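Beneath this line is the structure, given in structure tokens, with notes to follow.
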Amino acid sequence: MNLFTDIRALVIVSLEAMTSEGLLPEGLDFRNVAVEPPRDAAHGDMATNAAMVLAKPAKMKPRDIADALAQKLVADDRVELAEVAGPGFLNLRLSSALWRGVVIETLNKGTAFGRSAMGQGTKVNVEYVSANPTGPLHVGHTRGAVFGDALAGLLDYAGYDVTREYYINDGGAQVDVLARSVYLRYLEAHGQEVAFPDGTYPGDYLIDVGQALKKKVGDAYVGKAEDVWLQDIREFATEAMMDLIRADLKALNVTMDVFYSEKSLYGTGRIEAAIGELDAKGLIYEGTLEPPKGKLPEDWEAREQTLFKSTDHGDDVDRPVKKSDGSWTYFAPDIAYHYDKVDRGFDHLIDVFGADHGGYVKRMKAAVSALSDGKVSIDIKLCQLVKLFKNGEPFKMSKRAGTFVTLRDVVEQVGPDVTRFVMLTRKNDAPLDFDFSKVLEQSKDNPVFYVQYAHARVNSILRKAAEAGVAVDDASLVGADLQLLSHEAELGVAKKLAEWPRLVEIAARTNEPHRVAFYLYELASDFHSLYHLGKNTPELRALQESDATTSQAKIALARAVAVVISAGLGILGVTPVEEMR
RNA sequence: GCACCCGUAGCUCAGCUGGAUAGAGUACCUGACUACGAAUCAGGGGGUCAGAGGUUCGAAUCCUCUCGGGUGCACCA
């Protein structure tokens with residue numbers, strides 16, 4: 001149930017009636033007619049712009065349309081008052097029975113209140129993290145992981161059929177580097193002195209892998225040439241790294257449905273098939289790219305390559321799919337991977353990248369557009385990088401200085417809930433300042449505690465009420481006499497609850513899970529505020545001594561708040577707590 | 001040089017397919033625990049929405065340009 005779409009439907013029906021009665025000309029387009037919460041509560045409960053939107057095409061004065069529409073609307077039980085205001089807004093005051101109904105419905109549906117059918121089961125693939133399997137995840141990956149996971153949760157809640165996916169970049173040269181680095185650790189495990197030259201990974205996390213390798217193959221590879229061990233160690237090391245990454249994700253409560261290996265695309269004809277598909281559409285050709293404008297790379301030279309005509313699908317320049325030596329570029333398997341997603345029947349693809357990959361957006365969109373003949377849409381969400389701070393001072397990550405901050409460091413110290421919520425209190429395309437000490441303090445600056453506290457507070461009320469002998473299970477609360485909720489502040493909280501289903505749809509449509517976090521903050525704020533009103537206004541207290549009936553009504557409202565907080569936190573992957581400790 | 005993202009209160013940020021007097025937090029000032037949990041609440045001051053044009057009933061929001069910051073720019077992923 002979304003009250004806003006319900007009332008919008010009423011507005012549209014009324015407009016249609018006006019048309020058939022000759023009050024409006026035929027053939028008007030109602031698509032831009034909106035029903036929204038007004039900025040100022042004094043304006044009423046909802047406002048519609050119908051009169052202003054239609055005035056021009058109908059060649060009528062906004063006020064005349066608004067007056068006629070108002071008459072239609074007040075004929076409905078749900079509308080108590082409709083008045084024209086400002087340049088032609090129609091402000092509606094709705095029956096308080098509607099708001100009480102929201103509380104009932106929340107209790108009936110539980111955390112499913114707010115679930116939307118908007119997605120209509122559309123198959124969506126959300127690809128996120130997709131970090132190279134060359135080491136543990138660091139703070140930068142954390143944001144993409146949290147964002148992607150919350151977005152997937154949000155879309156699921158909005159009625160999409162979501163697949164969460166991780167693309168393992170295990171096919172490129174960086175895996176050779178990993179293998180060589182592991183080999184050095186392997187030699188070290190055999191007691192040799194080793195140095196880590198440039199182009200290898202000196203991180204401590206490979207020590208265990210070297211020892212594990214020793215345990216597995218003994219001294220079989222000691223003193224042997226690279227071509228003997230490279231292949232084997234690549235696989236061994238990649239597996240070890242993926243185990244590490246999977247454990248990192250688990251610590252953050254991120255669960256993937258699919259881990260897709262880039263390597264599985266090689267030698268199986270899949271890359272060839274994807275490029276062949278583009279070729280069949282006339283989008284592959286041999287050619288020479290223009291040198292980049294501006295400063296020329298020193299080693300630039302013209303060379304003929306196999307190119308994808310991505311400019312036909314919105315890219316700025318065509319992109320090479322083969323290197324000059326004839327091997328595939330990294331882009332070729334990416335094309336094949338997305339071709340596979342198209343092939344698996346997804347209607348919509350979402351890639352979550354770090355902002356440093358912004359340059360690939362156009363070419364990936366071009367590839368998907370070409371491969372699916374525009375039938376599969378793709379949206380690429382860029383997460384801006386995370387700037388680390390400690391005690392308000394910028395904090396540089398450096399492997400050598402030992403100040404490399406991993407995802408695990410953060411999660412183990414702060415916990416997955418706080419980490420996730422903090423990462424979601426910023427728009428994905430805005431940079432994020434992550435102050436380690438501030439988050440570690442778990443101070444009140446941290447909005448997650450504010451929301452958690454509201455949830456815990458409701459539970460505290462429920463406990464107290466139960467001790468006082470009030471039935472507080474949802475089944476009993478649903479039967480409460482909500483007529484007893486009549487104070488403006490109480491109805492205000494119910495109105496906030498009514499916004500939840502609408503918020504879910506907006507957040508899902510814009511692919512912006514941070515909106516959920518902000519909404520929860522506002523809801524928590526409204527609840528805290530109501531709670532405090534009870535200090536000076538005893539009749540607003542949830543627990544009314546010797547009046548179990550009234551207590552139940554008020555507790556039903558509080559419980560509904562907890563249910564929505566719980567649903568929202570669930571989307572974000574944050575656990576609602578029962579009590580603060 | 002080109003592309004993408006960003007620019008909103010002292011600071012950190014929201015701002016709904018364009019909507020009414022631009023909102024929170026923080027900091028600062030004043031107040032509220034004999035009280036369903038003060039990790040909370042009530043009130044106050046604080047703005048050239050970077051700047052300039054344009055689109056229209058109406059622009060922080062859409063378009064163009066300028067300025068400032070970030071990211072990325074052939075055979076690395």
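Keep in mind that what you see is a predicted model, and the values were worked out from it rather than measured. Throughout, a chain's letter reflects where its sequence line sits, starting with A, and its residues are numbered from 1.
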- Just grab all the side-chain hydrogen bond (donor to acceptor under 3.5 Å, both in side chains) pairs involving residues 513-522 of chain A, residues at least two apart or on different chains.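 Every side-chain hydrogen bond (donor to acceptor under 3.5 Å, both in side chains) pair that includes a residue of residues 513-522 of chain A, provided the two are not neighbours, is Lys496(A)-Glu522(A), Thr510(A)-Arg515(A), Glu512(A)-Arg515(A).
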Choose from [options] the nucleotide whose nearest atom is closest to any side-chain atom of [X].
{"X": "Phe449(A)", "options": "C16(B), A39(B), C36(B)", "result": "A39(B)"}
{"X": "Tyr521(A)", "options": "A24(B), C41(B), G37(B)", "result": "A24(B)"}
{"X": "Arg463(A)", "options": "U56(B), A74(B), G37(B)", "result": "G37(B)"}

- Item | Duplex segments of RNA chain B, taken as runs of at least three Watson-Crick or G-U pairs that stay under 3.5 Å | B:1-7 with B:67-73, B:10-13 with B:23-26, B:28-32 with B:40-44, B:50-54 with B:62-66
Pick the [atom1] atom in [N] and in [M], then give their distance to the nearest Å.
{"N": "G31(B)", "M": "C49(B)", "atom1": "C1'", "result": "33 Å"}
{"N": "A39(B)", "M": "G25(B)", "atom1": "C1'", "result": "15 Å"}
{"N": "A52(B)", "M": "A60(B)", "atom1": "C1'", "result": "16 Å"}
{"N": "A27(B)", "M": "U40(B)", "atom1": "P", "result": "11 Å"}
{"N": "G1(B)", "M": "G15(B)", "atom1": "P", "result": "32 Å"}
{"N": "C41(B)", "M": "C36(B)", "atom1": "C1'", "result": "15 Å"}
{"N": "U56(B)", "M": "C62(B)", "atom1": "C1'", "result": "11 Å"}

So what does [X] touch, heavy atoms closer than 4.0 Å: a base, only the sugar-phosphate, or nothing?
{"X": "Asp40(A)", "value": "nothing"}
{"X": "Leu289(A)", "value": "sugar-phosphate"}
{"X": "Asn49(A)", "value": "base"}
{"X": "Ala558(A)", "value": "nothing"}
{"X": "Ala542(A)", "value": "base"}
{"X": "Lys362(A)", "value": "sugar-phosphate"}
{"X": "Glu262(A)", "value": "sugar-phosphate"}
{"X": "Ala47(A)", "value": "base"}

Would you say [N] has OP1 or OP2 under 4.0 Å from some side-chain N or O of [X]?
{"X": "Ser460(A)", "N": "G37(B)", "answer": "yes"}
{"X": "Tyr450(A)", "N": "C41(B)", "answer": "yes"}
{"X": "Lys323(A)", "N": "C76(B)", "answer": "yes"}
{"X": "Ser529(A)", "N": "A42(B)", "answer": "yes"}

- With Lys322(A) as the cation and Trp328(A) as the aromatic partner, state whether NZ or CZ is under 6.0 Å from the six-membered ring centre and within 45° of the axis. yes
- Does NZ or CZ of Arg319(A) fall inside the cone over Phe331(A)'s six-membered ring, less than 6.0 Å from its centre and within 45° of the axis?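 No.
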Would you mind reading off the distance between [X] atom [atom1] and [N] atom [atom2], rounded to a whole angstrom?
{"X": "Phe527(A)", "N": "C41(B)", "atom1": "CZ", "atom2": "P", "result": "11 Å"}
{"X": "Glu36(A)", "N": "U61(B)", "atom1": "CD", "atom2": "P", "result": "17 Å"}
{"X": "Tyr201(A)", "N": "C76(B)", "atom1": "OH", "atom2": "P", "result": "15 Å"}
{"X": "Met46(A)", "N": "G19(B)", "atom1": "CE", "atom2": "P", "result": "17 Å"}
{"X": "Leu543(A)", "N": "C36(B)", "atom1": "CG", "atom2": "P", "result": "9 Å"}

- Under the criterion side chain to side chain donor-acceptor pair (under 3.5 Å), which of Gln544(A), Glu490(A), Glu539(A) is the partner of Lys554(A)?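 When Gln544(A), Glu490(A), Glu539(A) are each tested with Lys554(A), the side chain to side chain donor-acceptor pair (under 3.5 Å) holds only for Glu490(A).
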Contacts table for residues 459-466 of chain A: side-chain donor-acceptor under 3.5 angstrom, sequence neighbours left out:
residue: Asn459(A); atom: ND2; partner: His455(A); partner atom: O; Å: 3.0
residue: Asn459(A); atom: ND2; partner: His455(A); partner atom: ND1; Å: 3.4
residue: Asn459(A); atom: ND2; partner: Glu578(A); partner atom: OE1; Å: 3.4

- Nucleotide by nucleotide, nucleotides 5-15 of chain B touches protein heavy atoms under 4.0 Å in the pattern (B base, S sugar-phosphate only, - none) SS-----SSSS
- Item | Donor-acceptor pair between Asp351(A) and His357(A) side chains, under 3.5 angstrom |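 Not at all, the side chains of Asp351(A) and His357(A) share no donor-acceptor pair under 3.5 Å.
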- Message: Between Glu165(A) and Tyr337(A), do the side chains contain a donor N or O and an acceptor N or O under 3.5 Å apart?
- Response: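 Result is yes, a qualifying pair exists.
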- Is there a donor and acceptor pair, one atom on the side chain of Arg457(A) and one on the base of C36(B), closer than 3.5 Å? no
- Item | Residue pairs, two or more places apart or on separate chains, that pass salt bridge (charged side-chain N to carboxylate O under 4.0 Å, His left out) and touch residues 353-369 of chain A | Asp316(A)-Lys362(A)
- Message: Between the side chains of Asp325(A) and Lys323(A), is the shortest nitrogen-to-carboxylate-oxygen separation below 4.0 Å, so that they form an ion pair?
- Response: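 No.
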Could you pull out the protein-nucleic contacts involving nucleotides 30-35 of chain B (nitrogen or oxygen on both sides, under 3.5 Å)?
residue: A35(B); atom: N3; partner: Arg541(A); partner atom: NH2; Å: 3.3

- Message: On RNA chain B, does the nearest nucleotide to Asn169(A) precede the nearest nucleotide to Thr48(A) from the 5' side, or the other way round? Give the residue.
- Response: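 In this pair, the answer is Thr48(A).
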Is the backbone of [Y] close enough, under 3.5 Å, to the side chain of [X] for a donor and an acceptor to pair up by distance?
{"X": "Asp170(A)", "Y": "Lys263(A)", "value": "yes"}
{"X": "Thr200(A)", "Y": "Pro197(A)", "value": "yes"}
{"X": "Arg420(A)", "Y": "Leu572(A)", "value": "yes"}

- Message: Within the supplied structure, the quantity of interest is the number of heavy atoms (other residues, nucleotides, ligands) at a distance under 6.0 Å from Glu304(A) CD; does it exceed 12?
- Response: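 For Glu304(A), atom CD is crowded (more than 12 foreign heavy atoms under 6.0 Å).
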- For the residue pair Phe259(A) and Tyr166(A), does the interplanar ring angle fall in the parallel (under 30°), tilted (30 to 60°) or perpendicular (over 60°) class? tilted
